[in-house]
Structure formats: structure tokens, C-alpha cells
Amino acid sequence: MSNIVTVHEVGLRDGLQNQPKHVPTQGKIEILNALIASGITSIEATSFVSPKAVPQMADATDLYSRLPSDDSIHFEALVPNEKGYELAVNAGAKTIALVLASTNTMNRKNINMTLDHALNVNINVIGRAKAEGVRARSYISTALHCPYEGEVKPSIVFDIAEKLHSAGADELVIADTTGGGNPAQVKSIFNTLINKYGSKILAAHFHDTRGMGLVLAWTALECGIRKFDSSIGGLGGCPFAPGATGNLATEDLVFMLNESGYKTGVNIEKLKNAIKVAQSYVDQPLGGKITKWLDSQQ
Ligand code: COA
Ligand code: ZN
């Protein structure tokens, strides 16, 4: 089993979408450059969503036009529907992230669609992406716990995963959007999905709401997952998922992996600088569990 792990940074989208203070496009670019300088090579840059729903992402087209043209850095954009897909591809996106929640209520609150409608939209967009040479990552969000409907039955997640996989999704990302999941669920879901599809097509997205982000990531890692979402300084929270706080902090994830002999390619000292840059743009105090200790090691 490979010891190379991809750390996929989602702070610029999942992290910033919930910030009350407006972050200018130039600020996003500065955060992004600091992340790249630390060795991060995979970044969710923004989302092409209704600016009324998420005003922080209203500059998506402008941001995309200012991304560094370095082929070794993989950028992606979240899209909720066909319009978002078209805007993203026109702006130059080569990878899109589609989002489908596991429950009806969450889809309604997040993208104003029923689960069935959203599934059809996702399948159509995956079809278009495949035809047009665009890579499609398919998120199954609220996969462990829904803030409106409670614990999610694994059979629902497996059913959705099968439909997205058959449609041709290049990657399936299991997202614990609220941080309401537990390690036993993570183990059982990933073991089943890995048996079906292999680990290479799978990734994990955790939030640290209940302080379990790292243990959930370690559990998925032991199952064989080698790609994880995280956000700089633990920025984050979904405006449509009440109670959800930040993502698993990138520095916590990177520290745990580097210390354990996995290769992330990310330099923790340089990551500290990226946290400082992000901190200068938001009012929320940033930092993962490791931050205090890291700061004491001057
Ligand atoms: N990007 C930008 N604008 C979009 C859009 C997109 N992907 N999709 C729709 N719009 C615009 C429409 O053109 C329309 O504009 P108008 O009011 O100026 O005419 C408006 O948004 C409403 O369009 P409609 O198709 O009726 O959408 P809706 O009101 O049912 O909202 C979504 C559906 C999906 C657009 C909206 O709920 C959304 O953007 N959700 C994203 C939520 C999110 O980002 N969650 C966090 C990530 S998981
Ligand atoms: Zn999230």
C-alpha cells in the first residue's frame, strides 16, 4: 500500500464560503500562493454557485482567470448544477467537484432540489464532463450524518455511490459535512466502498466539529484511503448545515501524516505562513489542534 497521501486543500471554498467578512480576490490569491509555497498541489479554488446563496464565491470567474498557470498544481471548482458547470468550464476549470447530499432535506436546503432531482443533475453533468474531457469528482455529502435527518443509513450512501460510479465519476468523495460521524461508521463505509471500487477512486472529507477529524482521517487511512480534504487553519463550516464547524485543519492532517512516515510533500513550517496569511483576511481565530505546540517550537 502506497505511503503517498494527497492533501486536497478546500479552505478557499469550504473554508471561506461561511466567513462573514468579505475576502477580496487578491487575498484569496495570496492565501493560495502561500499554500502552494508550502507544497500543497491539490486545491479546491472556488465554487460556481448562485452569488445570492454564497456571496463569498461571487468572484469565481475572476479568481479562475488569476490562478497560476502551473500544470503541477491541480485546481478544481465546485458546481451545483449545469449552469455552474458551464461557468466553471468557460472560466478554464479542468476538474469540477459535484455535490450531492445523501438526504432529501439537505439537498433542498443546500441546492433547492430533491435528492432524485439532484442525482439526475449530477449524472447529467458527469456525462457532459466525460464528453468534454473534464475530470469530475463526485461528493456524497452528509454521508454519515445529516443535520436535518440524523444518522444516514450506509445503504443510501452505497446506492448513491453506485449511481455516480456508473455515470462515470472519476472520484467519489465521502464527506462528513457536519462532523457528526464516528470512526466505526467511517471504517464500515470505506471498507465496503474499497471492496467495490478500489481505494484509488475514493477520497475523504471530514469536519472537526466534535474534535474527531483526525481520528476519522486515521481510520480512513488505515482502510486504504490516500486522499483527504482539509482546510488551512481549520477554516470552514457550511452555511446550509447548522452546527457544522470547520474542516479538519490542514496542519493537523499534514503533521499527523508526516510524523507517521507518510509522504504529503507539504512543509509544516511553510504551512504556518499560509495560516498567517489566511488569518489576516478573516475574523475567526485560525489554527488546528497542533497550532499552539507548533508556535511554541520557534
Ligand atoms: N452559478 C451562478 N448563478 C446561478 C447558478 C450557478 N451555478 N445557478 C443558478 N444561478 C442563478 C440563476 O441564473 C438565477 O439568477 P437570477 O435570480 O439573477 O435570475 C438564480 O441563481 C436562481 O436560479 P435557480 O435555478 O432558480 O436556482 P435556485 O434559486 O433554485 O438555487 C442553486 C439553486 C443551486 C443555484 C443555489 O441553491 C446554490 O447556488 N447553492 C449552492 C450552495 C452551496 O454552495 N453550498 C455549499 C457547497 S456544498
Ligand atoms: Zn465540508
Side-chain angles (χ1 to χ4, degrees), residues 8-19 43-64 76-91 93 96-115 117-122 124-125 128-129 137-148 173-181 203-210 212-213 216-217 220 227-250 253:
H8 179 64
E9 172 64 41
V10 298
L12 289 156
R13 198 281 303 168
D14 208 351
L16 292 186
Q17 71 180 5
N18 207 26
Q19 290 300 314
I43 298 175
E44 186 180 46
T46 188
S47 56
F48 289 83
V49 298
S50 158
K52 283 179 202 146
V54 189
Q56 282 282 18
M57 300 293 126
D59 62 347
T61 296
D62 187 22
L63 181 87
Y64 245 80
E76 82 184 35
L78 183 143
V79 305
N81 56 13
E82 302 232 3
K83 175 162 182 167
Y85 171 78
E86 283 158 15
L87 289 169
V89 171
N90 286 339
I96 49 138
L98 284 148
V99 59
L100 177 66
S102 65
T103 65
N104 234 349
T105 319
M106 187 63 199
N107 282 303
R108 278 206 173 284
K109 298 274 184 190
N110 193 32
I111 51 174
N112 197 23
M113 296 176 206
T114 61
L115 174 54
H117 182 188
L119 186 58
N120 280 334
V121 169
N122 276 248
N124 285 342
V125 174
R128 286 185 67 176
R137 299 182 78 222
S138 265
Y139 277 80
I140 305 178
S141 68
T142 58
L144 308 179
H145 168 262
C146 169
Y148 306 102
V173 191
I174 302 302
D176 181 17
T177 310
T178 60
H205 174 111
F206 297 120
H207 283 249
D208 210 14
T209 316
R210 303 193 299 173
M212 285 211 274
L216 299 181
K227 185 166 180 181
F228 294 89
D229 289 6
S230 61
S231 101
I232 185 77
L235 253 178
C238 175
F240 311 98
T245 60
N247 293 74
L248 169 60
T250 303
L253 177 68

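Quick note: residue numbers are just sequence positions, from 1. Counting convention: from 1, in listed order, for ligands and their atoms alike.
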Student: What is the minimum heavy-atom distance between Phe48 and Ala60, and which atoms define it?
Tutor: CE2-CB, 3.5 Å
Student: Is there a donor-acceptor pair under 3.5 Å between the side chain of Asn110 and the backbone N or O of Met106?
Tutor: no
Student: Could you tell me how the ring of His205 sits relative to the ring of Tyr139: parallel (under 30°), tilted (30 to 60°) or perpendicular (over 60°)?
Tutor: perpendicular
Student: Taking only heavy atoms of Asn112 into account, list the atoms of ligand 1 that are under 4.0 Å away from them.
Tutor: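 Answer, ordered by atom number: 28 (P), 30 (O).
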Student: Under the 3.5 angstrom rule, does the side chain of Asp208 hit a backbone N or O of Gly213 as a donor-acceptor pair?
Tutor: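 Yes, because the side chain of Asp208 sits within donor-acceptor range (under 3.5 Å) of the backbone of Gly213.
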Student: Heavy-atom distances under 4.0 Å are what count here, so tell me which part of Tyr139 touches ligand 1: side chain, backbone, both or neither.
Tutor: neither
Student: Can you spot which of Asp176, Asn247, Leu216 makes a side-chain contact (heavy atoms from CB on, under 4.5 Å) with His207?
Tutor: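 Option passing the side-chain contact (heavy atoms from CB on, under 4.5 Å) with His207: Asn247.
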Student: For atom 41 (C) of ligand 1, is the nearest protein heavy atom under 4.0 Å away?
Tutor: yes
Student: As a test of the contact definition, would atom 23 (O) of ligand 1 count as having a protein heavy-atom neighbour under 4.0 Å?
Tutor: no
Student: As an exercise, identify every atom of ligand 1 less than 4.0 angstrom from a heavy atom of Phe240.
Tutor: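 Listed by number with element: 42 (C), 43 (C), 45 (N).
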Student: Could you tell me which atoms of ligand 1, counted from 1 in the order shown, lie closer than 4.0 angstrom to a heavy atom of Gln17?
Tutor: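 Under 4.0 Å from Gln17, ligand 1 has these atoms: 46 (C), 47 (C).
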Student: Given Glu82, Lys83, Gln56, Glu86, which has its nearest heavy atom closest to atom 12 (C) of ligand 1?
Tutor: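 Answer by nearest heavy atom: Lys83.
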Student: For Val54, which part has a heavy atom under 4.0 Å from ligand 1: side chain, backbone, both, or neither?
Tutor: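 Contact part for Val54 vs ligand 1: side chain (C-beta onward).
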Student: Under 3.5 Å, is there a donor on one side chain and an acceptor on the other for His8 and Arg137?
Tutor: yes
Student: If we only count N/O pairs under 3.5 Å, is Ser50 in contact with ligand 1?
Tutor: yes
Student: Is there a side-chain contact between Pro147 and Phe240 (heavy atoms, below 4.5 Å)?
Tutor: no
Student: Under the 4.0 Å line, does any protein heavy atom show up next to atom 2 (C) of ligand 1?
Tutor: yes
Student: Run down the list Lys109, Lys52, Met113 and name the one with the heavy atom closest to atom 18 (O) of ligand 1.
Tutor: Lys52
Student: Side chains of Val49 and Gln17: does their closest heavy-atom pair fall under 4.5 Å?
Tutor: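 They are not in side-chain contact.
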Student: Using a 3.5 Å cut-off on N or O atoms only, is Leu78 in polar contact with ligand 1?
Tutor: no
Student: In degrees, rounded to 10 degrees, what angle do His207 atom NE2 and Asp14 atom OD2 make at the Zn ion (ligand 2)?
Tutor: 110°
Student: Does ligand 1 have an atom that lies less than 4.0 angstrom from a heavy atom of Arg13?
Tutor: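 Checking ligand 1 against Arg13, which is what was asked, there is a heavy-atom contact under 4.0 Å.
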Student: Below 4.0 angstrom from a heavy atom of Leu87, which ligand 1 atoms are there? Numbered from 1 as shown, please.
Tutor: 1 (N), 2 (C)
Student: Verify whether one side chain among Asn107 and His117 offers a donor that lies under 3.5 Å from an acceptor in the other.
Tutor: no
Student: Nearest protein heavy atom to atom 44 (O) of ligand 1: under 4.0 Å?
Tutor: yes
Student: Counting each atom of ligand 1 from 1 as listed, which ones have a heavy atom of Gly84 under 4.0 Å away?
Tutor: 7 (N)
Student: So do Met57 and Leu16 actually touch side chain to side chain, heavy atoms under 4.5 Å?
Tutor: yes
Student: Could you work out, for atom 48 (S) of ligand 1, the closest of Val49, Val79, Asn110 by heavy-atom distance?
Tutor: Asn110
Student: Where do Gly233 and Ala249 come nearest, in terms of heavy atoms and distance?
Tutor: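 Looking at all heavy atoms of both residues, the closest pair is C-CB, 4.1 Å.
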Student: Please check whether Ala53 reaches ligand 1 - meaning an N/O of the residue sits under 3.5 Å from an N/O of the ligand, judged on distance alone.
Tutor: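 No - when backbone and side-chain N and O of Ala53 are compared with those of ligand 1, no distance drops under 3.5 Å.
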Student: Among the N/O/S atoms of His205, which is closest to the Zn ion (ligand 2)? Give the atom name.
Tutor: NE2
Student: With a 4.5 Å heavy-atom cut-off, do Glu76 and Arg13 have their side chains touching?
Tutor: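 Glu76 does not reach Arg13 side chain to side chain.
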Student: Name the residue from Ile140, Val173, Leu78, Val79 that meets the side-chain contact (heavy atoms from CB on, under 4.5 Å) definition with Val99.
Tutor: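 Running side-chain contact (heavy atoms from CB on, under 4.5 Å) over Ile140, Val173, Leu78, Val79 with Val99 returns exactly one hit, Leu78.
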Student: Which is it for Asn81 and ligand 1 at heavy atoms under 4.0 Å: side chain, backbone, both or neither?
Tutor: side chain
Student: Identify, for atom 32 (C) of ligand 1, the protein heavy atom at the shortest distance, and state residue, atom and that distance.
Tutor: Ile111 O, 4.2 Å
Student: Looking at Phe48, which atoms of ligand 1 are within less than 4.0 Å of one of its heavy atoms?
Tutor: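 Atoms satisfying the 4.0 Å criterion: 1 (N), 6 (C), 7 (N).
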Student: I want to check something: taking the side chain as every heavy atom from C-beta on, are Leu12 and Ile43 in contact at a cut-off of under 4.5 Å?
Tutor: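 Yes - at least one pair of side-chain heavy atoms lies under 4.5 Å apart.
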Student: Short check: any N/O/S atom of Asp229 below 2.8 Å from the Zn ion (ligand 2)?
Tutor: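 Coordinating: no.
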